[in-house]
Amino acid sequence: MTRQILVTHALPYANGPLHLGHALEAVQTDIWVRFQRLRGHDCLFVCAEDTHGTPIMIRAQQQGQTPEELIAASAAEHLRDYQQLLIGHDQFHSTHSEENRKLCAELYERLQAGGYIARRSVRQAYDEQAQMFLPDRYVRGTCPRCKSVDQYGDSCEVCGSTYSPAELIDPVSTLSNTPPVWRESEHLFFRLGAFETMLREWLASGSLSGAVRAKLDEWFAAGLQDWDISRDQPYFGFEIPGSPGKFFYVWFDAPIGYIASFVALAARRGLDFDRYWKSETATELHHFIGKDISYFHTLFWPAVLHGAGLRRPTNVCVHGFLTINGQKMSKTRGTFITARSYLDSLPPEPLRYYFAAKLSGGIEDIDLSLEDFIARTDSDLVGKLVNIASRCAGFIERGGGRLATALPDAELYAQFAAASEEIAALYEQREYGSAMRQIMNLADRANKYIDQHKPWAMAKDPARSEEVRAIATQGINLFRVLMVYLAPVLPKIAEAAGRFLGGPLDAWQAAATPLLGSALAPYQPLAQRLDPAVVFRLVASEPAAAPTKATPAKSAPAKTVATKPATAAPAATAAPGADAAATIGIADFARVDLRVARVLAASHVEGSDKLLQLTLDLGAGQRNVFSGIRASYAPEKLLNRLVIVVANLEPRKMRFGVSAGMVLCASGSEGGIFLLDVDSGAQPGMKVS
RNA sequence: GGCUAGGUAGCUCAGCUGGUUAGAGCGUGGCACUCAUAAUGCCGAGGUCGUGGGUUCGAGUCCCACCCUAGCCA
């Protein structure tokens, strides 16, 4: 039976670039969608740019643009990233669209008519200079519990306690640096508590994972509170009908954006709204989200839908976060890998495969270990999978370019084909890691088969050419089955494999019957090994944590990446010299961000007979560096000279100021200090590797 | 702080309702092979399953406490 399915992943917020955490979610979702389509189901995939809220408004002001300009530029960037990641959205829309405006008004009116909207006064921080109410994150002050200074208005990063901005000691608005005043304002509330029975019933009937249910149980136990869905002007969003000066909170209109995106798609394709959104429809609705926003998607969202007379989600698929080399991502304080920086240097499919290999249906975090990433790509994708086609193709080609008309080992093929349902079940449950393991097991068996039959040995005897062709035909067919199973993960490679095999791999069913007697196109390499230097540059080349007081993220703190040493290098091979350091891996070297810099100014340091104070141009910005080279270099001799700098050295506070980097020099036991030189043509900011 | 989830070989992970010598892939040591993108195959070494208690004939698997990591606290 053909299922009708609508799928979404979380809307990217127009406040910054996509990072690999976004990529993880998009890839997880896209694999599921491609799998469903491959199985013959009718699966739509929609998404939208999430555009509203105070952070967008503030940022647009800071950048001297209108919010509309900002969100348009952001959406274009996001869409480009998604496309390069091979995410096959049917529609990428915007929450700042007419469709969404209408839907928000309509849903709100239905909720109001149902008696689900309450009004009451709220006391909130107000910035008199900026003339606006302040979201909690825009108030900072001293933590009332542990007295740590400069903490957010809603929680303390040091002691982890949560509180309200009013409890902060010495609160200050981050917009104007003035102390806020407290003002009353009437807000609109969604009466979530009215839906408890419905929600309990919904979660019991649904297919939510165990961990998500456990969390929901906790929330039920704590009691469902009303949800504040309004914000006072000025606010970038939709004004609430009948409440001048009040706007829908961004989290109210964002999920409705899922529907808006569908509506835009429906207009293009002539789809029936009720079929997808009417209460009790048989059409499935699956939302893929990160664990940080499950409250919104498993409580507010089903309740809003139900209250407005619409269907509830079939499932909310919650995943964990992405860490990089074991470290959590932290946009506000560290570096992180943007989707862009990855895509500018590496192909999308190894990353898709790697994510697939580590994803499960649970909410555990998954780690992107760069070394592991390289190993898996090289070993699984190239050494095992693609190798099967690669090693067989030559035999077919030399034998006339056609496959044999029968399989020498039909039983083995049948075993490969029989794995189909088990693998499909794993995809369906988002147990991609297990699915990948199964598939790679089969790949091992395919390689073993070829090894055991040694077609290269037979090929020496012209009389056995048919046997050789048969063995190779078997190998190619085993490869083809695996490629069908992997098509949701590796769409481009599957496409290329389809061209090689003489027909597209566009149906799961195709694995059931072998390809016989047909001609093969000349074999082209289907996947390449990864260059470790390029991969490790991902963490090394991110702009060194410019400590921008970035506008806070819309929801929870943004997840991002920090870097960590890739494991220690193995024991050194024969130590060449007594004072040679132990061998390090390329990963260790890549952690050092060496840059070309130009000396803009140099001067003696009062009170030091060793140091010179240098102002360096690193291309992207200037740095102050203290360097102990006074004995060998006069300041005026250094002006305009190019030097090599360790750009990511932890800034060091010295008696004379902060030194942000280290200038590289050679020195020996004979005395003397020698700056490293750079050939002409090099420009400040260039990376040294 | 409360709650939820995770802590298993060098690395990345499997281990369902407790049951014989704890598994896989990668990496590593040895061997074989040369068709294949320094690919593949065979054999081996590697773990007191976060720590400390407890229940049980028997615990990685159940209970308690603690430590570490992540998320949520609307």
Side-chain angles (χ1 to χ4, degrees), chain A residues 145-146 154-156 159-163 190 192 209-219 221-228 251 290-296 298-300 318 320-323 325-329 354 357-360 362-398 431 433-434 436-438 440-441 443-444 446-460 468 471-472 475 523-529 555-557 559 566-571:
Chain A
R145 303 277 165 73
C146 73
D154 54 355
S155 67
C156 174
C159 71
S161 56
T162 54
Y163 40 75
F190 174 63
L192 181 64
S209 73
V212 177
R213 279 180 206 214
K215 200 64 207 176
L216 276 166
D217 283 339
E218 178 200 337
W219 288 330
L224 302 179
Q225 305 292 305
D226 288 354
W227 178 35
D228 186 349
W251 261 115
K291 62 183 177 181
D292 55 332
I293 57 175
S294 37
Y295 200 96
F296 293 98
T298 57
L299 293 179
F300 293 144
V318 184
F321 288 127
L322 182 69
T323 57
N325 288 333
Q327 299 287 103
K328 85 163 173 174
M329 314 205 272
Y354 188 76
K358 305 195 86 169
L359 275 165
S360 73
I363 60 163
E364 314 81 49
D365 291 351
I366 76 166
D367 184 47
L368 168 59
S369 152
L370 295 178
E371 284 185 74
D372 190 42
F373 172 52
I374 296 166
R376 260 187 208 264
T377 302
D378 291 358
S379 161
D380 290 3
L381 252 30
V382 182
K384 291 184 181 181
L385 176 75
V386 157
N387 183 237
I388 302 166
S390 176
R391 66 193 305 197
C392 291
F395 294 116
I396 298 290
E397 205 174 319
R398 287 188 289 274
E431 293 290 345
S434 297
M436 295 308 109
R437 235 170 289 132
Q438 298 256 11
M440 283 309 141
N441 254 322
D444 284 343
N447 275 310
K448 279 193 230 290
Y449 171 84
I450 298 163
D451 242 73
Q452 277 161 8
H453 290 82
K454 307 195 185 343
W456 57 90
M458 291 177 200
K460 287 171 186 156
V468 172
I471 304 296
Y523 179 79
Q524 312 268 344
L526 292 167
Q528 239 75 50
R529 280 160 205 292
S555 61
K559 315 306 172 288
T567 44

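Numbered from 1 within each chain, the chains take letters A, B, ... in sequence-line order. Only a predicted model underlies this, so the values are computations on that prediction, with no experimental measurement involved.
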Over 60° means perpendicular and under 30° means parallel, so tell me whether A:Trp227 and A:Phe190 are parallel, tilted or perpendicular. perpendicular
Protein-nucleotide distance (A:Arg391, atom CZ; B:U37, atom P), rounded to Å: 11 Å
If I take atom CG in residue A:Asp451 and atom C1' in nucleotide B:A36, what distance separates them, rounded to the nearest angstrom? 11 Å
What distance, rounded to whole Å, do you find between the two C1' atoms, one in B:G18 and one in B:C57? 12 Å
Here's a test of your reading of the structure: between A:Gly394 and A:Phe300, which maps to the more 5' nucleotide of RNA chain B? A:Gly394
Using a cut-off of 4.0 Å on non-hydrogen atoms, how would the nucleic acid contact of A:Pro525 be classed: base, sugar-phosphate, or nothing? base
Counting only Watson-Crick pairs (N1-N3 plus N6-O4 or O6-N4) and G-U wobbles (N1-O2, O6-N3), all under 3.5 Å, who is the partner of B:G58? none
Just compare B:U37, B:A74, B:A70 and give me whichever is closest to any side-chain atom of A:Ala222. B:A74
With a 4.5 Å heavy-atom cut-off, do A:Leu368 and A:Thr323 have their side chains touching? no
Remember a base hit wins even if backbone is also touched, and classify A:Ala389 as base, sugar-phosphate or nothing at under 4.0 Å, heavy atoms. nothing
B:G58 to B:A22 separation - C1' atoms, rounded to the nearest Å: 15 Å
Tell me the interatomic distance from A:Met436, atom CE, to B:C13, atom P, rounded to whole angstroms. 16 Å
Please compare A:Gln528 and A:Ala357 by the position of their nearest nucleotide in RNA chain B and report the one closer to 5'. A:Ala357
Select one nucleotide: of B:A5, B:C33, B:G41, the one nearest the side-chain heavy atoms of A:Glu364. B:A5
Mind checking A:Tyr523 for me? I need base, sugar-phosphate or nothing, with any heavy atom below 4.0 Å counting as a touch. base
Proximal nucleotide (of B:G25, B:U37, B:A74) relative to the A:Asp380 side chain: B:G25
At what distance, to the nearest 0.5 angstrom, does CG of A:Asp378 lie from CZ of A:Phe373? 9.5 Å
Name the nucleic acid region contacted by A:Leu526, choosing base, sugar-phosphate or nothing; use a 4.0 angstrom heavy-atom cut-off, strictly under. base
So what's B:G41 paired with, Watson-Crick or G-U wobble, going by both distances under 3.5 Å? B:C31
In whole angstrom, what separates A:Glu431's CD from B:A24's P? 21 Å
If you check the A:Lys460 side chain, which of B:G6, B:U12, B:U34 turns out closest? B:U34
Pairwise P distance, B:G23 and B:C43 [rounded to whole Å]: 16 Å
Does A:Arg529 put a side-chain nitrogen or oxygen below 4.0 Å from OP1 or OP2 of B:A39? yes
Watson-Crick or G-U wobble partner of B:G25, both distances under 3.5 Å: B:C11
Base, sugar-phosphate, or nothing for A:Gly475, non-hydrogen atoms under 4.0 angstrom? nothing
Side-chain heavy atoms of A:Phe300 within contact of A:Trp251, under 4.5 Å: no
Value rounded to 0.5 Å, distance of CE in A:Met436 from CG in A:Leu359: 9.5 Å
Round to the nearest Å and state the distance from A:Asp365 atom CG to B:U4 atom C1'. 12 Å
Here the distance between atom C1' of B:A14 and atom NZ of A:Lys358, to the nearest Å, is 13 Å
Counting only side-chain heavy atoms from C-beta out, which of B:C35, B:C42, B:A5 sits nearest to A:Ile363? B:A5
Base, sugar-phosphate, or nothing: which does A:Asp367 touch, judged by heavy atoms less than 4.0 Å apart? sugar-phosphate
From B:C11, B:C35, B:U37, nucleotide with atom closest to A:Ser369 side chain: B:C11
Would a 4.5 Å heavy-atom cut-off, applied to side chains only, mark A:Phe321 and A:Asp292 as touching? yes
Could you tell me whether A:Val386 contacts a base, only the sugar-phosphate backbone, or nothing, with contacts defined as non-hydrogen atoms closer than 4.0 Å? base
For atom C1', what is the distance between B:G7 and B:C13, given to the nearest Å? 13 Å
Any strand counts, and the cut-off is 3.5 Å on both contacts for Watson-Crick or G-U wobble. Which nucleotide pairs with B:G2? B:C72
Are the side chains of A:Ile388 and A:Ile450 in contact, using a 4.5 Å heavy-atom criterion? yes
For A:Lys291, does its backbone N or O pair with a side-chain atom of A:Ser294 as donor and acceptor, under 3.5 Å? yes
What is the distance, to the nearest angstrom, from the NZ atom on A:Lys384 to the C1' atom on B:U37? 16 Å
Considering only atom P, compute the distance from B:G15 to B:G50 and round it to an integer number of Å. 15 Å
C1' atom, B:U17 versus B:G60: distance in rounded Å? 15 Å
Spacing of the C1' atoms in B:G1 and B:C62 (rounded, Å): 28 Å
Regarding A:Gln438 and A:Ser434, do their side chains bring together a donor and an acceptor under 3.5 Å, going by distance alone? no
Where the chi angle of B:G41 falls, syn if within 90° of 0 and anti if not: anti
Listed nucleotide nearest any side-chain atom of A:Phe321, set B:C35, B:C42, B:A70: B:A70
With rounding to whole Å, what would you report as the distance between B:A32 and B:C16 at their C1' atoms? 39 Å
Nucleotide nearest A:Arg437 (side chain, heavy atoms from C-beta), chosen from B:U12, B:A14, B:A70: B:A14
Check the distance between B:A70's P and A:Ile293's CD1 and give it to me in whole angstrom. 20 Å
The side chain of A:Asp444 is closest to which nucleotide in this list: B:A74, B:U12, B:G25? B:G25
Testing B:C35, B:A74, B:U37 for proximity to the side chain of A:Gln225, the answer is B:A74
